[in-house]
Amino acid sequence: MEKGLGQFFEDYLEQESLFTNKEHLQPNFVPETITHRDEQLHSVASILAPCLRCQKPSNLFVYGKTGTGKTLTVTYTTQQLESVAKKKNLPLKIIYLNCKLKKVADTEYRLIAQLAREFGKAIPPTGLPTDEVYSIFFKEIDKEKRIILIVLDEIDVLVGKIGDEMLYNLTRINAELKNAQLSIVGISNDVIFTERLDPRVKSSLSEEEIIYPPYNALHLQQILEQRVKLSMRKNAVAEGVIAKCAAIAAREHGDARRAIELLRVSGELAERDGSTQIAIAHIDQAEDTIEKDKVIELVKGQPKHYQATLFSIFDLGTQRKDALFTGEVYEHYKYVCQQVALRPLTQRRVSDIIGEFDVLGVINAKVISKGRFGRTREIFPSTSQGLVDNAKATLSEELGL
DNA sequence: GTCAATTCACATGAAAGAGACCACGGTCTAGTG
DNA sequence: CTAGACCGTGGTCTCTTTCATGTGAATTGACGA
């Protein structure tokens, strides 16, 4: 071991990195050219263009599954708009908000507060009546004549949480503004989202709609190739690697984000191996790693009761191969709580928690009716056995079992 | 055998409580000139 | 006289509990053939 670590670091330095510029593989990277989204890009641009003439553009609604380039095209367009506006000194203000981010914009109060903050108003995180925040915001934007464009990303999450009233307020605010004009761009992953909206909101919000179809494998492949060119050394990728990444991502509704992540993680794994090229095997490995990291990461950040619930499911799941039901899980959960001196929650709550885990995709829970024997959720751990064991170990450590 | 009623074991919704956090205005207190 | 400490009030947020209502098909039991 004399030359152990020192040698390792030296070798590490010697070895040329696979990546030349990893930034281009980060999920929030905005490339200069956008592949296979010309049509959408064009639509977005022409809908939003009037704001350069100081006219209020139509409200716009953008849907499509995750990783279909919605956020990308919208941010790209707004960036361009902003730079033109700046050059010509046009009164345009663009605000981008991701409604999914906790503690930023996931309640009405926080959303409006955040918007007001964008205009340089200090709003306390809590304590003020919501109306007050509204009026602060209102006064602030109406101070001067200008166009304001609010981009609400993942708007479906927000509405799911707090209802659509706030969107109604926002769209209506225009009628009362004397100087400024406000337009909203909503981005949603949920395609049938607008059907659940109040018709009034729906009609005013989606004056224009753009739908993003999923990428197919060929598109994904070209996107990946473009990114590879930007971010990796020549010959860093073995034959067929890109095709395989694209194929995997295409299998899941053409999610480009996932394809890129897969490629990046494969690259990291290859580098760690000391290989000079990403091989197909690295992709399989990457798929596992990503999955595993996601679950472990998720498990770690959860509150105790969530952990206890998940642990109960995994624990029962390893004992038994067939489906679990809410009742059983709850019984086991109560037992687990007792072990770690935790006051158990009611079954009502645990039922919700199970539902949340289902949404997160850690478990698979389907509501079924067993006829005379009632109605319940049929629960399966949705990941592989190895992963479950892994997660279980993490959980029992976290819980202090 | 057929068909509607029953029944189970929860799911799902709504409302409301508890405990934290915070702003704001009023009052009190101690230090200063 | 004034700055700062210290309430009380009123507001939001999150997590829960409580209470109420809904649900889908296996089972049951009445009915008719």
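A quick note: this is a predicted structure, and the numbers were derived from the prediction, not measured. A, B, ... follow the sequence lines: proteins, then strands. Residue 1 opens every chain.
Comparing A/G371 and A/T326 by the nucleotide of DNA chain B whose heavy atom lies nearest to each, the residue mapping closer to the 5' end is A/G371. Heavy-atom nearest nucleotides on DNA chain C were determined for A/R375 and for A/R372, and the one closer to the 5' end corresponds to A/R375.
Of the charged side-chain nitrogens involved, at least one lies within less than 4.0 Å of a carboxylate oxygen, so that A/E140 and A/K143 count as a salt-bridged pair. A salt bridge links A/R251 to A/E287: at least one charged side-chain nitrogen sits closer than 4.0 Å to a carboxylate oxygen. Ionic pairing of A/K370 and A/E378 is not present here: no N-O contact between side-chain nitrogen and carboxylate oxygen is shorter than 4.0 angstrom. Salt bridge A/K334/A/E331: present, at least one basic N to carboxylate O contact under 4.0 Å. The residues A/K244 and A/D284 are annotated as salt-bridged, a charged nitrogen and a carboxylate oxygen being separated by less than 4.0 angstrom.
For the pair A/Q114 CD and C/dC13 C1', the interatomic distance rounds to 16 Å; values are reported in whole Å. The separation between A/F373 atom CZ and C/dG24 atom C1' is 14 Å, rounded to whole Å. The separation between A/Y333 atom OH and B/dC10 atom P is 16 Å, rounded to whole Å. The distance from atom CZ of A/F325 to atom P of B/dA11 is 11 Å, rounded to the nearest whole Å. At whole-Å resolution of the value, CZ in A/R343 and P in C/dT16 are 9 Å apart. Distance, A/E378 CD to B/dA9 P: 17 Å, rounded to whole Å. The CD1 atom of A/I368 sits 11 Å away from the P atom of B/dC10 (whole-angstrom rounding). What separates CD of A/E331 from P of B/dA9 is a distance of 12 Å, to the nearest Å.
Checking the phosphate oxygens (OP1, OP2) of C/dA26, no side-chain nitrogen or oxygen of A/S369 falls inside 4.0 Å. The side chain of A/R377 places no N or O atom within less than 4.0 Å of a non-bridging phosphate oxygen (OP1 or OP2) of C/dT23.
The stretch residues 346-361 of chain A touches DNA chain C through A/T346, A/R348, A/R349, each having a heavy atom within less than 4.0 Å of the strand.
A perpendicular orientation is assigned to the rings of A/Y215 and A/H219, their planes being inclined by more than 60° (bins at 30° and 60°). Using the six-membered ring where Trp is involved, A/Y306 and A/F357 have ring planes that are perpendicular, over 60° apart on the 30 and 60° scheme.
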